[in-house]
Amino acid sequence: MIWLVFALLTGAAVLSILWPLSRPAPKPREDPADVAFYRAQIAEIDAEFARGGLAKDQAEAAKAQAGRRLLAAASGEVASADSPKARRIAAALALVAAPAIALGLYARIGRPELPDMPLQARMTAAPGEQDFSAVIAKMEAHIAAHPDDGRALELMAPVYLRMGRYDDAVNAYRKAIVLLGETPERLLRYAQALSYANDGTTPPEAVAQLERALQLDPKNAGARFYLGLAAAQQGDKAKARALWTALLDELPPDSRGRREIIEKLAMLDAPAEQGPAPAPGEGAAPSKDAAAAVAAQPVDEQQKMIRGMVDRLAQRIAAQGGSGDEWLRLIRAYKVLNEPDKAQTALDEAHKALSGDAASQQKLAALAQELGLRETGQKIQ
């Protein structure tokens, strides 16, 4: 089969050479008599100049014009010299030379005795896997030979993260910062690597790097976001809410970062339902592992999970009633999820349900003012 392919390719190459040779030669554009005429005209101009009948510049201009016409006539003569015999010789050389050169090169550099790679091996082989491993090995060898190459370390650190080699990523970022100096971006990435190496929890060293990044750039959005995440992991919801709320006001309305912060805020206010013998998944406060599982999900999945939690709280309050804190969480969650109508409805219903609880009424009024909701209080009957 392979030889048939080679034959077809060789035939196509030969045909590409023979095709122009098979076309008829172009006809002369001038009669041979014109060539003799222009040559005689040039000789006459020289004779007239010798007799003194023409000035030098006039003679040169006339000879130049006659020379151009002579060249045009001579080109037709050359074209007419393209004989059928010459074409046959060129075609014969093409028929012999093209296959001979192709076969000679293949015989020298080709390996016709090499067997095919088995189909199963081709199907199971991971394309580029060995190449990627080879590149990593070369980069690591380069770093071992040049441990002061901060750029190479900074290049390898995110690769280590994607490979799950978190400790190597931490070491690479640490050394890169020592060699290249501190920048907010390097400190932020270093803190992220430290968190990955700590099973997703932000350790004190990462917090210190984030705070240093904020010293260098007080508006750094990434550092502020992860400091809020660290505060939330430590149970300081007030600090996390303050950091994320301030950051929320600075982000474009339709940005992915804004949506993610809204969902994180909703998780802060996610229902931690109370009460005897709660149903599984509804009454118990989410554990640290469950919260981490939610945070590990893609943004769209996080939103579905958070909305499900809020919906379950709303359904339970509607069926069994709720405490003042549960109503407050529900109202805030609707507001954070950008559902102001539901938040307003929940506020009105909370005033009705908690009409005999003065402390809860005060909290509802304060929350309405904070969220910009219409405060109706106990006027609703």
Inset, instruction - Verify the cluster assignment for L247 and L187: are they in a single hydrophobic cluster under the rule of side-chain heavy atoms below 4.5 Å apart? - result: no
Inset, instruction - Could you walk me through whether L328 and R332 pass side chain to side chain contact (heavy atoms under 4.5 Å, CB included), step by step? - result: CA-CA 6 Å; L328 292 172; R332 187 184 294 276; over 6 Å; no
Legend entry - CA sep, side-chain torsions, deciding dist, call: L248, I262, side chain to side chain contact (heavy atoms under 4.5 Å, CB included): CA-CA 8 Å; L248 193 65; I262 288 174; 3.8 Å; yes
Legend entry - Value rounded to 0.5 Å, distance of CD in Q209 from CD in E211: 10.0 Å
Legend entry - Backbone N/O of D167 and side chain of N171: donor-acceptor pair under 3.5 Å: yes
Legend entry - Contacts of Y160 that satisfy ring-ring contact (aromatic ring centres under 6.0 Å, His included) - sequence neighbours left out: none
Legend entry - Residues E205 and Y190: side-chain donor-acceptor under 3.5 angstrom: yes
Legend entry - Nearest non-hydrogen partners of L227 and L243, listed with the distance: C-CD1, 3.8 Å
Inset, instruction - Quick one: closest heavy-atom pair of P184 and N220, and the distance? - result: CB-ND2, 3.6 Å
Inset, instruction - Decide whether L313 and L371 are clustered together by the hydrophobic rule: side chain heavy atoms of Ile, Leu, Val, Met, Phe, Trp, Tyr closer than 4.5 Å, transitively. - result: yes
Legend entry - Inter-residue atom distance L330.CG - D325.CG, 0.5 Å rounding: 12.5 Å
Legend entry - Shortest non-hydrogen contact between Y334 and A314, atoms and distance: OH-CB, 3.5 Å
Inset, instruction - For the pair L188 and L210, evaluate side chain to side chain contact (heavy atoms under 4.5 Å, CB included) and give the outcome as yes or no after the intermediate values. - result: CA-CA 6 Å; L188 174 60; L210 294 170; 3.7 Å; yes
Legend entry - Heavy-atom pair with the smallest gap, counting every atom of R151 and L180: N-CD1, 4.0 Å
Legend entry - Q233 side chain to T202 backbone, donor-acceptor under 3.5 Å: yes
Legend entry - No-hydrogen, no-angle side-chain donor-acceptor test under 3.5 Å, Q192 and R189: no
Inset, instruction - Check whether any side-chain heavy atom of R224 sits under 4.5 Å from a side-chain heavy atom of E250, and report yes or no. - result: yes
Legend entry - Any donor-acceptor pair under 3.5 Å from Q344 side chain to R374 backbone: yes
Inset, instruction - Drop me the distance from D149's CG to H142's NE2, to the nearest 0.5 angstrom. - result: 3.5 Å
Inset, instruction - Run the numbers on Y173 and L161 for side chain to side chain contact (heavy atoms under 4.5 Å, CB included), then give the verdict. - result: CA-CA 11 Å; Y173 276 127; L161 280 180; 4.2 Å; yes
Inset, instruction - Indicate the atoms forming the closest heavy-atom contact of L347 with A368, along with that distance. - result: CD2-CB, 3.6 Å
Legend entry - Nearest-0.5 Å distance, CG of residue L367 to CD1 of residue I331: 5.5 Å
Inset, instruction - Give a yes or no on whether Y226 atom OH has more than 12 heavy-atom contacts from other residues, nucleotides or ligands under 6.0 Å away. - result: no
Inset, instruction - Working to the nearest 0.5 Å, report the span between CD1 of I143 and CG of L153. - result: 4.5 Å
Inset, instruction - Looking only at non-hydrogen atoms, find the nearest pair between Q361 and L354 and report the distance. - result: NE2-O, 2.8 Å
